[in-house]
Q: 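Handing you this structure, nothing more for now.
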Amino acid sequence: MYRIIFILLVAVLSVGVRAQYASMPSNYYSFYMGGGLHSASLNTSMGTTKVGAGFLFQGEYQHFIDEHYGYAVSLKYSSYQSSFNISDVESVGGVIHPDNKLEYESKTYYNDWNEVQTFSVIAIPIQGYYRMRLNKKSLLFVGLGAQLDFLLVAKYATTKGSFDTRGFFGYTGQEYQDLPNHGFDTYKYGSENDIDAAM
């Protein structure tokens, strides 16, 4: 099911010089392909983010209603992936345990925990164009438009490692673990979930 994430009105200034013959065509067809690197969508002070590969494909149709003014409609698909790895300890103090209502320090021990993120997006850019002749064989194009994005896939999968949650209670001076009924347990890789992504 397609989900509209946002409508972004942007001033896209695209200026290009195209070699043309004496006539000024009414229709143009363009296709673009590209690739690159993308980092994980994470906000953390621990762990290591590893960039992953991504690619883009776009097809565009331009039509000019007269010598100067026209419009363009495009269909753009992009997909990219990245990963995150952590072997560290995260501590959060002042947590109240729901069972005994006592304050404790929550600790998470990460052991080579690896997460892979995958995103796929379809976009529909729409632009208005103005063109003018520079000389006999060259035209100048200026465009302004908007883009509508549809997020198709936004998910993460854990591919290796584990982490366990523990609790240090100051009144006993002990750190508790392996108590799944009380929220202290070990979790291994193999899960897959959606990401609540804001683009």
Side-chain angles (χ1 to χ4, degrees), residues 1-45 47-86 114-159 191-199:
M1 177 178 180
Y2 299 119
R3 185 158 60 106
I4 300 176
I5 299 303
F6 75 101
I7 300 175
L8 177 63
L9 293 177
V10 291
V12 181
L13 180 63
S14 55
V15 179
V17 178
R18 306 186 182 188
Q20 300 292 338
Y21 293 100
S23 63
M24 297 180 69
S26 298
N27 300 294
Y28 299 88
Y29 300 91
S30 304
F31 297 95
Y32 312 93
M33 293 186 67
L37 300 176
H38 194 276
S39 61
S41 177
L42 291 170
N43 183 16
T44 178
S45 59
T48 303
T49 299
K50 298 179 182 179
V51 296
F55 72 91
L56 165 72
F57 175 80
Q58 179 175 347
E60 181 181 89
Y61 168 71
Q62 283 183 334
H63 175 72
F64 282 85
I65 58 179
D66 60 23
E67 182 179 348
H68 295 292
Y69 296 97
Y71 62 88
V73 178
S74 304
L75 183 62
K76 180 168 58 176
Y77 175 78
S78 59
S79 181
Y80 43 93
Q81 192 176 78
S82 55
S83 63
F84 173 79
N85 184 271
I86 182 172
N114 195 78
E115 174 182 310
V116 176
Q117 297 185 345
T118 303
F119 294 90
S120 295
V121 180
I122 280 185
I124 304 176
I126 301 174
Q127 288 184 295
Y129 275 96
Y130 175 80
R131 68 178 176 181
M132 62 179 294
R133 184 175 295 283
L134 298 179
N135 53 49
K136 187 177 180 180
K137 293 187 176 182
S138 297
L139 299 174
L140 175 68
F141 290 74
V142 179
L144 180 68
Q147 178 171 297
L148 180 64
D149 282 6
F150 297 87
L151 184 61
L152 301 181
V153 177
K155 66 180 181 180
Y156 73 89
T158 57
T159 58
S191 61
E192 181 175 307
N193 290 287
D194 291 334
I195 298 174
D196 185 11
M199 302 181 57

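Counting begins at 1 with the first residue of the sequence. From a predicted model like this one, the values you see are computed outputs, not experimental measurements.
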Q: With rounding to the nearest 0.5 angstrom, report the CD to CZ distance, Glu67 to Arg133.
A: 7.5 Å

Q: Only one of Gln147, Gln62, Glu60 clears side-chain contact (heavy atoms from CB on, under 4.5 Å) with Gln127; which?
A: Glu60

Q: Within the 4.5 Å heavy-atom criterion, are Thr159 and Glu115 side-chain neighbours or not?
A: no

Q: Whether the Asn85 and Thr48 side chains hold a donor-acceptor pair (N or O, under 3.5 Å, no angle test) is what I'd like checked.
A: no

Q: Which heavy atom of Leu151 sits nearest to which heavy atom of Ser120, and what is that distance?
A: CD1-O, 3.6 Å

Q: Please verify the inter-ring angle class for Phe141 with Tyr129; under 30° counts as parallel, over 60° as perpendicular, anything in between as tilted.
A: perpendicular

Q: Drop me the distance from Ile86's CD1 to Phe84's CZ, to the nearest 0.5 angstrom.
A: 4.5 Å

Q: Run Ile124 and Lys76 through side-chain contact (heavy atoms from CB on, under 4.5 Å) and show every step you take.
A: CA-CA 6 Å; Ile124 304 176; Lys76 180 168 58 176; over 6 Å; no

Q: Any side-chain heavy atom of Gln117 sitting closer than 4.5 Å to one from Ile195?
A: yes

Q: So how far is it from Gln81 CD to Tyr156 OH, rounded to the nearest 0.5 Å?
A: 15.0 Å

Q: Once rounded to the nearest 0.5 Å, what's the spacing between atom OG of Ser82 and atom NZ of Lys50?
A: 11.5 Å

Q: Report yes if some heavy atom in the side chain of Leu134 is under 4.5 Å from a heavy atom in the side chain of Leu139; otherwise report no.
A: no

Q: Do the non-hydrogen side-chain atoms of Ser79 and Phe55 ever get within less than 4.5 Å of each other?
A: yes

Q: Nearest 0.5 angstrom please: Ser78 OG to Leu152 CG, how far?
A: 8.5 Å

Q: Compare all side-chain heavy atoms of Thr158 with those of Ser191 and state whether any distance is below 4.5 angstrom.
A: yes

Q: Using only atom types and a distance under 3.5 Å, with no angle test, would you say the side chain of His63 pairs donor to acceptor with the backbone of Tyr71?
A: no

Q: Between Tyr69 and Asp66, what is the shortest heavy-atom contact and its length?
A: N-OD1, 2.7 Å

Q: Check Phe64 against His68 and note the closest heavy-atom contact, atom names and distance.
A: CE2-O, 3.6 Å

Q: Ring centroid separation for Tyr77 and Phe57, is it under 6.0 angstrom?
A: no

Q: Would the Tyr61 and Tyr28 ring centres measure less than 6.0 Å apart?
A: no

Q: Could you tell me if the side chain of Lys155 sits less than 4.5 Å from the side chain of Glu192, heavy atoms only?
A: yes

Q: Do the non-hydrogen side-chain atoms of Leu37 and Tyr80 ever get within less than 4.5 Å of each other?
A: no

